[in-house]
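Bear in mind the structure is a predicted one, so any value in this text is a computation, not a measurement. Chain letters run A, B, ... following the sequence lines, proteins first, then strands; residues in each count from 1.
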Amino acid sequence: MLTRLFTALLLLAVPVLGVYTFVTAADHGWWMQPEVSTFGQDVDFLFYLILGMVTFFFVLTEMLLFWFVWRYSKKDSSKAVYTHGSHKLEMLWTAVPAGLLVLIAFFQMSTWAEMRFKGSFPEGEPFAHVWASQFDWRFQYPGADGEFGTMDDLESPYEFVVPVNQPVKFVLHSRDVIHSFSVPAFRLKQDAMPGLAIPVWFQAEEIGEYDLVCMELCGWGHYKMAGKVRVVSEEDYRAYMAGLQSEFMNTGMEG
Amino acid sequence: MSSTATTIQPGEGAPGTVHVHHDHHELNFVQKYVFSVDHKVIGIQFMLVGLVMFVVGGLLAMAIRWQLAWPGTEMPVLGQLLYPETGKAISPEFYTSLFTMHGTVMIFFVIIPLLTGAFGNYLIPLMIGAPDMAFPKLNMLGFWFMIPGLILACMSFTAEGGAASSGWTAYPPLSTLAQSNPGSRGGQTFWLMGLTFSGVSSMMGAVNYVTTIAKMRAPGMTLMRMPLTIWALLIAAILQLFALPVLTAASFMQLSDRVLHTGFFTPTNLVINQVNSEAAGAAAGGQPLLWQHLFWFYSHPAVYIMVLPAMGLASDIIAVHARKPIFGYKPMVYSMSAIAGLGFIVWGHHMFASGMNPAMGMTFMVATIMIALPSAVKVFNWLGTLWGARIQLTTPMLNAVGFVSMFIIGGLSGIWMAATPVDIYIHDTYIVVAHFHYVVFGGSVFAIFAGIYHWFPKMFGRLMNETLGKIHFVGTFVFTNCVFYMMHQLGLAGLMRRTADPYAYEVFHHLKPLNQFISISAFCLFAWQIFFVVNFFHSMFWGKRVGRNPWRATTLEWTAPSPPGHGNFDYQIEVKRGPYEYASAEVDEDFHMQAERVDG
Ligand SMILES: [Cu+2]
Ligand SMILES: [Cu+2]
């Protein structure tokens, strides 16, 4: 009797506390960081869509599990229901999840295409080349001539400054091992692969400072491979570039 | 699909192995318990080694949890043990070794040996009515190949620079260039050799399981009369046969990159600590993406190697203790086959952020989303089995129900990861850690506990203590959920995995109390296992003696004596019906044994 009560309570606690944790998570900051990029909304919409479906099936199956275990563990000297299954039910619980899963699969394709497909990349030259190495980030800008790989290229560590409301394309490199360029607030993550130059794009929609986090194990210092993406207005962006430029002129070094 | 015309009679041994099982001269202690060719002894050997390694892997996890809750502070007890040279605090270098070795030990030396090694060996011949495995000596060799594997893996800790520290995924060039990572100086070489031994050991087992199930079933044991455990172990063995050669080849390639300076995975012109890697003698011209493809081609199916047998064990245990036939036996078999088939075309979901062609990402996404379907079908069928049942809440049943409850969570959270755009946010965060621990700990480990409680009386002729078993279950279930459910929350907040100090970022400062809660729960979870250890060893010698069939189950192993002698069955049997004839109206009792005596 005690076992029965305990087991039923434990099984009931799973969906109840599970849902409760998710509902109250935002109060403790145990929830997604706010998004500030163009595809951020699409990603979050998909997340909530899947969350809805998942929660429905989570509560349904866990409650059934709880109820069946409670209900059918009663002392009863008669035999169990003798059945080897039901064709109809099998069809039902294959077809319904299958339909939902196909729906999710197709629904997200456009978001993925927008994030990654060549066709959705902004036209023109990249803003910057981003170089990852153990354990820091370096940002290389084209300088006055607008071309990379020339003597007047500008370089700055740690902080990536980009204009707001403009598509920003950059090329991601690694000098040593695999790193990952991740800005949670932009819903952006791309591994930096040594030996590959990978184009990446995003468009930030709010001025501010956002964490740049290395998300792929890259050695003992992985935990501290931090950076910042600073989203500024068009004027501030031009002022920042001019500042970098004059710094370069004064010191005569290219960083 | 009737049974292959096997002429082997139970108790006689397969052709060519007759001598092994038919000799009546006394075996000495070493032949009987150490270099044994008896599948039951080998199964128990795998179980004991797996459980010992479980403690090792668990201790590594405790150290990880200490660091995440109180980074850089002196760790009590364990600190002295693990890290005596530089005080009792964990350095970031050592932390990377810790999680690398935790994953490696748990996957290759705990879960796989316990599920396929212990249960595969012990149960396959007994459940299909065979006197032993098809190749008993190969079987013994399989066990003795795992031992050097785990010794080499542990020796990794003694290497210069410390144990392997590039994660259990061992992505190059971090794993191949000694300059880039302390654990890649010497530890990684031991790690690769250990992995290779364990892989070869698993392959020997897999060949044996497939052959035994194909050729040595008792008369009347058709494929569709096999218990789901056997189906699951068969499918897992086939997965191993296809996937392990790829892992073995890949580890050899990485080993050769490291030792012979070939260039499979190391790209040209890397600069580490201002030194060009080629100038420092490293290879060039390779690509790490190649390793990722090869590694995940094995390691995704490996997840199913770890969860399919668990599903099989749970299905059988649920049927026995629910006193009711499995609901939808055939859909269960088909869905396991579908999981295995699809399991080979989803590996790219680990590489959505890696720079792989995005069109390929889309293909992998569709396949990955669809693999949720057979898992869902299985969950519904378990629920169908419980409906209208007469549930006996024994310890094995509690653990099997716990398995279902937690497998649901692990399965559902996978859908986020399959959805490529969402995965971009949660990839390499703690959501992933929560997800796979729900599958492998909540799933596989609970099924392993259920299996041990359930088949212990067959193995040792004695029951495990029910009271201790129930105490063990309740605590383990509660703490497991405290630990792993809350990791979803860490991951949603964006916390990345494999970080030696989460609080290096200001955005994660507020997660510290939550991390401390998780760590304290983890310590309790670890400590709570004492109830299992005590129960296990106490029951082995002083447990309540039982007869052949203490659970009143139907499958063939319960026809044999407890424990079964050499050759397993002491009389000739023939299988007359399916494995789940519970509550049938044909007999007065609520179970109808699968096999009947035929030699009179
Ligand atoms: Cu990094
Ligand atoms: Cu996978």
Please test B:I424 against A:L188 for side-chain contact (heavy atoms from CB on, under 4.5 Å), starting from the C-alpha separation and ending with a verdict. CA-CA 6 Å; B:I424 292 302; A:L188 176 69; 5.6 Å; no
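- Ranked by heavy-atom pairs under 4.5 Å with chain B, the first of A:S73, A:S180, A:G221, A:S174 is A:S73.
- Remark: B:L393 CG to A:W70 CH2 distance equals 10.0 Å, nearest 0.5 Å.
- Residue B:F380 comes nearest to A:P97 through the heavy atom pair CE1-CG, 4.2 Å, listed as atom of the first residue, atom of the second, then distance.
- Using a 4.5 Å cut-off between heavy atoms, B:Q292 touches chain A through its side chain atoms alone.
- The choice from B:T268, B:N481, B:I409, B:T176 that makes the most heavy-atom pairs within less than 4.5 Å of chain A is B:I409.
- In this structure, the separation between NE2 on A:H179 and CG on B:L174 is 8.5 Å, given to the nearest 0.5 Å.
- When heavy atoms are compared at a cutoff of 4.5 Å, A:H87 does not approach chain B at all.
- Formation of a donor-acceptor pair under 3.5 Å by the A:Q33 side chain with backbone atoms of B:A493 is found in this model.
- Heavy atoms only, all atoms of each residue included: B:S354 and A:D191 are closest at CA-OD2, 3.5 Å.
- A 4.5 Å side-chain heavy-atom check between A:R175 and B:N269 finds every atom pair outside the cut-off.
- A donor-acceptor distance shorter than 3.5 angstrom exists from the side chain of B:R390 to the backbone of A:K79, with no hydrogens or angles considered.
- Contact count versus chain A (heavy atoms, under 4.5 Å) is highest, among B:N181, B:V379, B:V401, for B:V401.
- For A:D76, the parts sitting under 4.5 Å from any heavy atom of chain B are the backbone and the side chain alike.
- Heavy-atom distances place the backbone of B:I426, and not its side chain, under 4.5 Å from chain A.
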side-chain contact (heavy atoms from CB on, under 4.5 Å) between B:M362 and A:W112, intermediate numbers included: CA-CA 8 Å; B:M362 206 175 259; A:W112 178 245; 3.7 Å; yes
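- Contact of A:M215 with chain B is made through backbone and side chain together, with heavy-atom distances under 4.5 Å.
- Heavy-atom pairs under 4.5 Å with chain A were tallied for B:P172, B:P358, B:P267; the largest tally goes to B:P358.
- A heavy-atom distance below 4.5 Å is found between the side chains of B:P173 and A:I178.
- In this structure, the portions of A:M32 lying under 4.5 Å from any heavy atom of chain B include both its backbone and its side chain.
- Formation of a donor-acceptor pair under 3.5 Å by the A:Q134 side chain with backbone atoms of B:S180 is found in this model.
- If you take CG on B:L383 and CH2 on A:W93, they are separated by 7.5 Å, rounding to the nearest 0.5 Å.
- Contact annotation: the side chain of A:L89 approaches that of B:F327 to within less than 4.5 Å [non-hydrogen atoms, C-beta and beyond].
- Shown here for A:T94 and B:L373, the closest heavy-atom pair between the two residues is O-CD1, 3.4 Å.
- Contact tally against chain A (heavy-atom pairs below 4.5 Å) for B:L514, B:T429, B:T368: the top residue is B:L514.
- Between B:T96 and A:H222, the closest side-chain pair of non-hydrogen atoms is not below 4.5 Å.
- For A:E216, the parts lying near chain B are the backbone and the side chain together; criterion is any non-hydrogen pair under 4.5 Å.
- For chain A, no part of B:N357 is nearby; none of its heavy atoms comes within less than 4.5 Å.
- Here the shortest heavy-atom pairing between B:L492 and A:F47 reads CD2-CZ, 3.5 Å.
- Counting heavy-atom pairs under 4.5 Å between each of A:L46, A:T61, A:T111 and chain B puts A:T61 at the top.
- Within the 4.5 angstrom heavy-atom criterion, only side-chain atoms of B:Y505, from C-beta onward, approach chain A.
- Shortest non-hydrogen contact noted between A:Q108 and B:A419 is OE1-CA, 2.9 Å.
- When A:L196, A:I198, A:I104, A:V177 are compared by the number of non-hydrogen pairs under 4.5 Å with chain B, A:V177 comes out ahead.
- Looking only at distances, no side-chain donor or acceptor of B:Q489 sits under 3.5 Å from a matching main-chain atom of A:A25.
- Using a 4.5 Å cut-off between heavy atoms, B:D588 contacts chain A through its backbone alone, with no side-chain atom that close.
- Using a 4.5 Å cut-off between heavy atoms, A:S78 touches chain B through backbone and side chain atoms alike.
- In this structure, the side chains of B:K324 and A:Y72 stay at 4.5 Å or more apart for every pair of heavy atoms.
- Using a 4.5 Å cut-off between heavy atoms, A:T55 does not touch chain B at all.
- The residue among A:T83, A:L60, A:V200 with the most heavy atom pairs within less than 4.5 Å of chain B is A:T83.
- Of the listed residues (B:M486, B:M370, B:E581, B:R497), the one with the most heavy-atom contacts under 4.5 Å to chain A is B:E581.
- When heavy atoms are compared at a cutoff of 4.5 Å, A:S133 does not approach chain B at all.
- Side-chain contact between A:L217 and B:T169: absent, with no pair of heavy atoms (C-beta onward) separated by less than 4.5 Å.
- Within the 4.5 Å cutoff, the side chain of B:P71 has no heavy atoms near those of the A:Y223 side chain.
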Stepwise side-chain contact (heavy atoms from CB on, under 4.5 Å) check, B:F352 with A:K189: CA-CA 9 Å; B:F352 287 151; A:K189 188 173 290 156; over 6 Å; no
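- Taking A:L64, A:T7, A:L10, A:L17 one by one and counting their heavy-atom pairs under 4.5 Å with chain B, the maximum is reached by A:L10.
- The residue among A:F107, A:W67, A:F58, A:F117 with the most heavy atom pairs within less than 4.5 Å of chain B is A:F117.
- Only the side chain of A:E90 comes within less than 4.5 Å of a heavy atom of chain B; its backbone N, CA, C and O stay farther away.
- Side-chain atoms of B:I408 and A:V14, non-hydrogen and from C-beta on, never get closer than 4.5 Å to each other.
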CA sep, side-chain torsions, deciding dist, call: B:V366, A:M109, side-chain contact (heavy atoms from CB on, under 4.5 Å): CA-CA 9 Å; B:V366 175; A:M109 284 185 174; 3.5 Å; yes
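- Per-residue heavy-atom pair counts under 4.5 Å with chain A were compared for B:P325, B:G402, B:A504, and the maximum is reached by B:P325.
- Taking both residues in full, the closest heavy atoms of A:L101 and B:I369 are given as O-CG2, 3.5 Å, listed atom of the first, atom of the second, then distance.
- For a residue to count as touching a neighbouring chain, one of its non-hydrogen atoms must lie under 4.5 Å from one of that chain's; by this rule B:F99 touches chain A with the side chain only.
- The structure places CG of A:L51 at 11.5 Å from CD1 of B:I415, a figure rounded to the nearest 0.5 Å.
- Although no hydrogens or angles enter the test, the distance criterion places a donor-acceptor pair under 3.5 Å between the side chain of B:Q287 and the main chain of A:P194.
- Between B:Y485 and A:F22, the ring planes are perpendicular. Angles over 60° get that label, and only those under 30° would be called parallel.
- Side-chain N or O atoms of B:W416 include none that pairs as donor or acceptor with a backbone N or O of A:I50 at under 3.5 Å.
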